Amino acid sequence: MTLTVAAAFEAVLQTARDLGTEIIPFEAATGRILREPVLADRPFPPYDRVMMDGIAINYDSYARGQHVFGVEDLQAAGMPQLQLSNTANCIEVMTGAILPELTDTVIPYEQLALTESDDFRRFTVHTVVKQGQHIHRLGSDVNAGAALLDSGTLIGPAEAGILAAVGKTQVLVSKLPRVAVIATGNELVPVHAIPEAHQVRISNVYSLLASLQQLGISARYIHLNDDESEMKEQLALLLSETDVWISSGAVSAGKFDYLPAVLQQLGMQQIFHKVQQRPGGPFLFGTFEQGPVVFALPGNPVSGFMCFYRYVQPWIRAAMGAVPSPPCYAQLSEKVIFETALEYYLPVKLVSRPDGTLTATPQPYQGSGDLASLLKADAFLVLPLEEKVFERGSCYPVWLFR
Ligand code: AMP
Ligand code: MG
């Protein structure tokens with residue numbers, strides 16, 4: 001029996017295997033999945049940090065009615081901590097400096113008037129001052145030893161800053177899978193070739209390689225002709241040293257769609273073939289016991305694209321120990337009718353509206369062979385198999401590819 005998308009997805013995720021970990025320099029870790037917690041080595045901020053350029057005073061003097069402060073010294077960012085020797089005076093302070101000892105309040109230059117005479121500088125305060133103002137207190141953001149990043153976090157720009165701030169120069173991350181992209185079809189020619197009338201350039205491979213690149217994975221690729229023995233021979237060579245195969249084409253009912261048979265002959269355990277979905281119905285999935293998992297995607301470009309984002313990307317993320325992202329939903333902008341009992345993945349343009357809703361607008365779409373339709377879309381809107389009429393304003397899950 002053909003599986004539902006939910007059942008197929010569950011079967012795919014069940015095969016997600018830990019790919020192991022490696023230690024890499026933190027500068028190379030963006031886009032990778034962290035596999036250890038990262039703790040604050042010091043409090044955040046690590047000292048009472050001055051937040052404005054101006055002067056630091058002892059508030060008691062101000063509270064007693066003093067409004068003019070003679071300047072004793074200058075505390076710049078990067079200087080060891082000074083001390084106010086007379087609490088009736090002030091120290092000029094710069095943003096990022098450590099707050100001088102015996103001061104507890106910062107007044108910005110904008111609220112001060114400067115008078116200078118014989119090398120002596122005084123500031124007059126002309127606003128109301130609150131005790132403790134403009135000081136970013138030691139440990140007020142995060143305590144020393146607190147967990148800043150959990151294992152399973154995707155390392156992005158904010159996380160890169162944290163790794164640097166805590167001096168985490170080497171980080172434990174998931175290894176990336178070793179992926180092979182496999183194109184099939186006698187009609188395919190290299191990208192640099194001028195195709196004959198009956199040929200097409202091998203474009204699916206490059207969509208898949210680009211999708212993998214977004215996950216930080218550089219994959220290798222091969223092209224197989226629709227020839228059973230050549231397929232078997234070439235694929236046998238690929239069996240070792242790969243964790244994932246993503247193939248394109250040769251899994252439908254065509255006379256030359258040899259791939260399912262060849263995979264079986266090579267010892268792959270088929271987990272399912274065909275899913276109740278459009279596009280991507282002929283999707284085949286299996287595993288080799290001591291070898292790669294196999295995502296055999298249909299050749300039609302939109303089918304392969306949809307299957308990559310619906311199945312392959314989540315498998316790779318799960319295998320790398322990533323925390324799953326919550327689903328995203330959007331509101332259909334117009335009524336859609338789809339009568340076939342399949343889960344329908346409709347290419348849509350997403351627009352975020354001022355009222356906080358996300359609207360999904362169907363794009364002109366000629367079916368799964370329409371590669372150009374993806375250019376105007378951002379995501380697939382998932383229309384459930386049980387319904388036939390999808391009303392404007394109804395909300396459905398979306399799978400984003402931008
Ligand atoms: P298949 O699944 O092998 O029947 O292929 C379905 C359609 O996808 C055919 O029109 C193929 O020419 C096309 N196709 C298959 N592989 C690729 C590829 N790598 N690049 C572009 N088109 C492809
Ligand atoms: Mg083919």
Side-chain angles (χ1 to χ4, degrees), residues 2-3 5 8 179-214 217-235 238 242 244-266 268 270 272-286 292 294-313 342 344-345 347 365-375 377 380 401:
T2 314
L3 293 186
V5 172
V179 182
V181 171
I182 300 153
T184 67
N186 289 353
E187 74 279 29
L188 304 178
V189 295
V191 174
H192 55 79
I194 307 291
E196 304 280 335
H198 55 283
Q199 297 175 325
V200 290
R201 294 196 178 94
I202 190 167
S203 58
N204 289 357
V205 159
Y206 293 89
S207 291
L208 290 167
L209 292 177
S211 301
L212 289 162
Q213 239 167 44
Q214 288 182 333
I217 298 167
S218 333
R220 58 162 115 170
Y221 92 84
I222 59 167
H223 171 212
L224 306 175
N225 286 309
D226 293 316
D227 175 311
E228 194 167 359
S229 57
E230 181 197 319
M231 272 188 175
K232 194 169 167 184
E233 206 173 291
Q234 295 288 318
L235 289 176
L238 259 192
T242 45
V244 179
W245 288 2
I246 309 170
S247 66
S248 161
V251 286
S252 304
K255 286 240 160 71
F256 307 99
D257 289 344
Y258 295 123
L259 197 55
V262 166
L263 290 168
Q264 217 143 16
Q265 288 162 30
L266 287 170
M268 187 199 75
Q270 184 177 301
F272 59 78
H273 188 183
K274 298 193 175 69
V275 181
Q276 293 172 33
Q277 62 185 13
R278 184 175 294 168
F283 172 33
L284 181 156
F285 181 70
V294 180
F295 294 89
L297 314 182
N300 272 314
V302 183
S303 306
F305 210 79
M306 173 269 176
C307 288
F308 183 90
Y309 286 94
R310 186 63 183 86
Y311 300 97
V312 185
Q313 185 187 66
L342 296 171
Y344 191 41
Y345 283 72
Y365 175 49
Q366 310 302 324
S368 61
D370 185 3
L371 173 61
S373 68
L374 296 174
L375 299 174
F380 292 103
F401 54 81

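Every number for a ligand or one of its atoms is a count from 1 in the order of the listing. Index from 1, following the sequence. Hydrogens, waters and symmetry mates are skipped; everything else that's a heavy atom, side chains included, is used. Note that this is a predicted model, so its numbers are computed, not measured.
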When you measure from the side chain of Asn186 to the backbone N and O of Asp226, does any donor-acceptor pair fall under 3.5 Å? yes

Output the list of atoms in ligand 1 that are nearer than 4.0 Å to some heavy atom of Ile202, sorted by atom number. 19 (N), 20 (N)

Side chain or backbone of Val251 under 4.0 Å from ligand 1, or both, or neither, by non-hydrogen atoms? neither

Consider every N or O of Gly249 and every N or O of ligand 1, then say whether any pair is closer than 3.5 Å. no

Just to check, does His223 reach to within less than 4.0 Å of ligand 1 when the distance is taken from its heavy atoms? no

Can you sort out which atoms of ligand 1 are near Arg201, meaning under 4.0 Å from one of its heavy atoms? 20 (N), 21 (C)

Looking only at protein heavy atoms, which one is nearest to atom 3 (O) of ligand 1, and what is the separation? Ala250 N, 2.9 Å

For atom 19 (N) of ligand 1, grab the closest protein heavy atom and report residue, atom and distance to one decimal in Å. Asn204 CB, 3.2 Å

Please check if the number of heavy atoms outside Glu228 that lie under 6.0 Å from its CD is greater than 12. yes

What residue and heavy atom of the protein are closest to atom 21 (C) of ligand 1, and at what distance? Ser203 OG, 3.3 Å

Just to confirm my output: which protein heavy-atom neighbour is closest to atom 10 (O) of ligand 1, and how far is it? Asn300 OD1, 4.4 Å

Heavy-atom contact under 4.0 Å between Gly185 and ligand 1? no

the protein heavy atom lying closest to atom 12 (O) of ligand 1 turns out to be Glu187 OE2, 2.5 Å

Say you draw a straight line from CD1 of Ile222 to CD1 of Ile182; how long is it, rounded to the nearest 0.5 Å? 5.0 Å

Value rounded to 0.5 Å, distance of NE2 in His273 from CD in Gln264: 10.5 Å

Can you tell me how far CH2 of Trp245 sits from CG of Leu263, rounded to the nearest 0.5 angstrom? 6.5 Å

Donor-acceptor contact below 3.5 Å, side chain Gln277 vs main chain Gly280: yes

Apply the test side chain to side chain contact (heavy atoms under 4.5 Å, CB included) to residues Val275 and Tyr311: give CA-CA distance (whole Å), side-chain angles for both, the deciding distance (0.1 Å), then the verdict. CA-CA 12 Å; Val275 181; Tyr311 300 97; 3.6 Å; yes

Around atom 13 (C) of ligand 1, find the nearest protein heavy atom and jot down its residue, atom name and distance. Gly299 O, 3.7 Å

How many angstroms lie between atom CZ of Phe401 and atom OH of Tyr309, to the nearest 0.5 angstrom? 8.0 Å

